[in-house]
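Computed from a predicted structure; not experimentally measured.
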Protein chains: 2
Amino acid sequence: MQLTRFTDYGLRTLMYVGARAENSASVKEVADHYGISRNHLVKVVHRLSQLGYIETTKGKGGGIKIAKDATKLRLGDLIKQLEPNMNMVECFDTKTNTCRITGSCQLKHYLFEATQNFINTMNKYTLADTVQNKELLFA
Amino acid sequence: MQLTRFTDYGLRTLMYVGARAENSASVKEVADHYGISRNHLVKVVHRLSQLGYIETTKGKGGGIKIAKDATKLRLGDLIKQLEPNMNMVECFDTKTNTCRITGSCQLKHYLFEATQNFINTMNKYTLADTVQNKELLFA
DNA sequence: TATAATATATATTAGAAATACATATTTTAA
DNA sequence: TTAAAATATGTATTTCTAATATATATTATA
């Protein structure tokens, strides 16, 4: 049970940009700061922009910028949208489920409740909560 | 964010065996019932036996049997022990962590709390709760 | 002693995440 | 107007790990 690096990078990018002056930076700057692939990060940023969390500006002097108030960005919502698959077990997706005991098995209900609690707990916090000290982030 | 099939199969095996007369069955029987690889299931069963959840008997007439009272087997504990990796993000494991903002980043604390809530929720339920109707399981 | 079961180690396969590469597009500033 | 600097996008490759397969060993009983 893990989050993908895609989600991890997405959160880290928002944290970085949110802590920057004017809430802006370039993808290259973020990739360099974390020592991760710029090409991979481009896709994460692209997804964040699709979701409306980031504004991108092409061309010279362009870059990325947070599109929403960091105190309004709930972490649970972010995770739910960035994760490629929140189906905890096979039978969460009725299309591909092959489990023979689905009918009488209660496990899925408990897993659903637990996953919901996971997201709810994360939703107690916002992006703004994640960075305790903006200066320290760049130390 | 998903459980591995290994964990899924482990839970299903316990459910199956727990619903059987005398709480016993053979690996082959369980594998056939779910239509999954017997060889793979052998490893799951082996792990369950290492953890003390299942007793195995070799030889003719042998098989597997639940080693504990199903009403005492909490699902959260099971999941925690069956999952190969409960490190939600890279920085959960200080040995392999490379993230540069670990010092000032609060995300890990929130993720830790949320994961704990996930496990706690599952621990409200036991293996005995998962099977509503033993007969239905084999319908 | 043959058979039916689990135990164990190793090899292989499959799938998905992560990364790399190449090229297109856009915008600005010289 | 053109070069440069940024993101956009599609495809290919690599890497990792879960899942599966294979082979053999061990054990116990009929």
Side-chain angles (χ1 to χ4, degrees), chain A residues 1-10 12-13 17 20 22 24-32 34-51 53-67 82-90 93 96 98-99, chain B residues 1-10 12-13 17 22 24-32 34-51 53-67 79 82-90 93 96 98-99:
Chain A
M1 186 167 127
Q2 295 167 275
L3 301 182
T4 63
R5 253 176 244 191
F6 189 93
T7 301
D8 187 6
Y9 291 171
R12 287 201 221 171
T13 299
V17 181
R20 264 285 179 243
E22 318 263 297
S24 67
S26 76
V27 174
K28 181 171 175 8
E29 186 184 340
V30 179
D32 286 350
Y34 289 119
I36 60 185
S37 157
R38 184 188 156 286
N39 297 286
H40 187 42
L41 198 57
V42 159
K43 312 211 163 173
V44 178
V45 165
H46 184 231
R47 179 80 185 118
L48 285 171
S49 122
Q50 282 183 326
L51 292 168
Y53 291 120
I54 267 188
E55 274 167 23
T56 63
T57 317
K58 288 183 175 183
K60 196 165 182 172
I64 60 182
K65 200 170 171 174
I66 287 215
L82 289 173
E83 274 297 292
N85 192 344
M86 288 294 288
N87 294 323
M88 298 307 288
V89 285
E90 186 186 321
D93 185 350
T96 53
T98 63
C99 183
Chain B
M1 187 167 124
Q2 297 167 273
L3 300 183
T4 63
R5 254 177 242 190
F6 189 94
T7 301
D8 188 7
Y9 291 170
R12 286 201 220 172
T13 299
V17 181
E22 317 261 298
S24 67
S26 77
V27 173
K28 182 171 177 4
E29 185 185 340
V30 178
D32 286 351
Y34 289 119
I36 60 183
S37 155
R38 184 190 156 284
N39 296 288
H40 188 41
L41 198 56
V42 159
K43 311 209 165 175
V44 178
V45 166
H46 184 231
R47 179 80 184 120
L48 285 171
S49 122
Q50 281 182 326
L51 292 168
Y53 291 118
I54 267 189
E55 273 167 25
T56 62
T57 316
K58 287 182 174 183
K60 196 165 183 174
I64 61 182
K65 199 170 172 174
I66 287 216
I79 288 174
L82 289 173
E83 275 296 292
N85 193 343
M86 288 294 288
N87 295 323
M88 299 305 289
V89 285
E90 186 188 321
D93 186 350
T96 53
T98 63
C99 183

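- Contacts of A/Arg47 with the nucleic acid, taken as non-hydrogen atoms under 4.0 Å apart, are absent.
- Of the two residues contacting DNA chain C, namely B/Thr56 and A/Leu3, the nearest-nucleotide position lying further toward the 5' end is that of B/Thr56.
- Within the cation-pi definition used here (under 6.0 Å to the ring centroid, within 45° of the axis), B/Arg47 does not qualify as a partner of B/Phe6.
- Taking 4.5 Å as the limit, every side-chain heavy atom of B/Thr57 sits out of range of all side-chain heavy atoms of B/Lys65.
- Comparing B/Arg5 and B/Asn39 by the nucleotide of DNA chain D that holds the closest heavy atom to each, the one mapping nearer the 5' end is B/Arg5.
- Atom P of nucleotide D/dC16 and atom CD of B/Gln2 are separated by 20 Å, given to the nearest angstrom.
- No side-chain heavy atom of B/Leu3 sits less than 4.5 Å from a side-chain heavy atom of B/Asp8.
- Counting any heavy atom pair closer than 4.0 Å across all strands shown, A/His40 reaches a base atom.
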Protein-nucleic acid N or O pairs under 3.5 Å, nucleotides 26-30 of chain D:
residue	atom	partner	partner atom	Å
D/dT27	O2	B/Gly59	N	3.4

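- With rounding to whole Å, B/Leu48 atom CG is found 13 Å from C/dT6 atom P.
- Among the nucleotides C/dA17, D/dT9, D/dA21, the one closest to the side chain of A/Val42 is D/dT9.
- Across A/Leu82, A/Leu48, A/Val45, A/Val17, a single residue satisfies side chain to side chain contact (heavy atoms under 4.5 Å, CB included) together with A/Tyr53, and that is A/Leu48.
- Nearest to the side-chain atoms of A/Arg38 among the listed nucleotides D/dT7, C/dT6, C/dA7 stands D/dT7.
- If you take NZ of A/Lys43 and P of D/dT11, they are 10 Å apart, rounded to a whole angstrom.
- Across the protein-nucleic acid pair, A/Glu83 atom CD and C/dA17 atom C1' stand 11 Å apart, rounded to whole Å.
- For the residue pair A/Leu41 and A/Ala31, the shortest heavy atom distance occurs at CD2-N, 3.5 Å.
- The side chain of B/Ser37 places no N or O atom within less than 4.0 Å of a non-bridging phosphate oxygen (OP1 or OP2) of D/dA19.
- Rounded to whole Å, atom P of D/dA18 lies 17 Å from atom CD1 of B/Ile36.
- Here the side chains of B/Met1 and B/Met88 are in contact, with some heavy-atom distance below 4.5 Å.
- Protein atom NE2 of A/His46 is 19 Å distant from nucleotide atom P of C/dT19, rounded to whole Å.
- Spacing between atom CG of B/Asp93 and atom P of D/dT17 amounts to 12 Å, rounded to whole angstrom units.
- For the pair A/Ser26 and D/dA6, the criterion of a side-chain N or O lying under 4.0 Å from OP1 or OP2 is not met.
- The local environment of CD in B/Gln50 is crowded, with over 12 non-hydrogen atoms from other residues, nucleotides or ligands closer than 6.0 Å.
- Rounded to whole Å, the distance from CZ on A/Arg12 to C1' on C/dA18 is 13 Å.
- Note on B/Val27: only backbone sugar-phosphate atoms sit closer than 4.0 angstrom, heavy atoms only; bases stay farther off.
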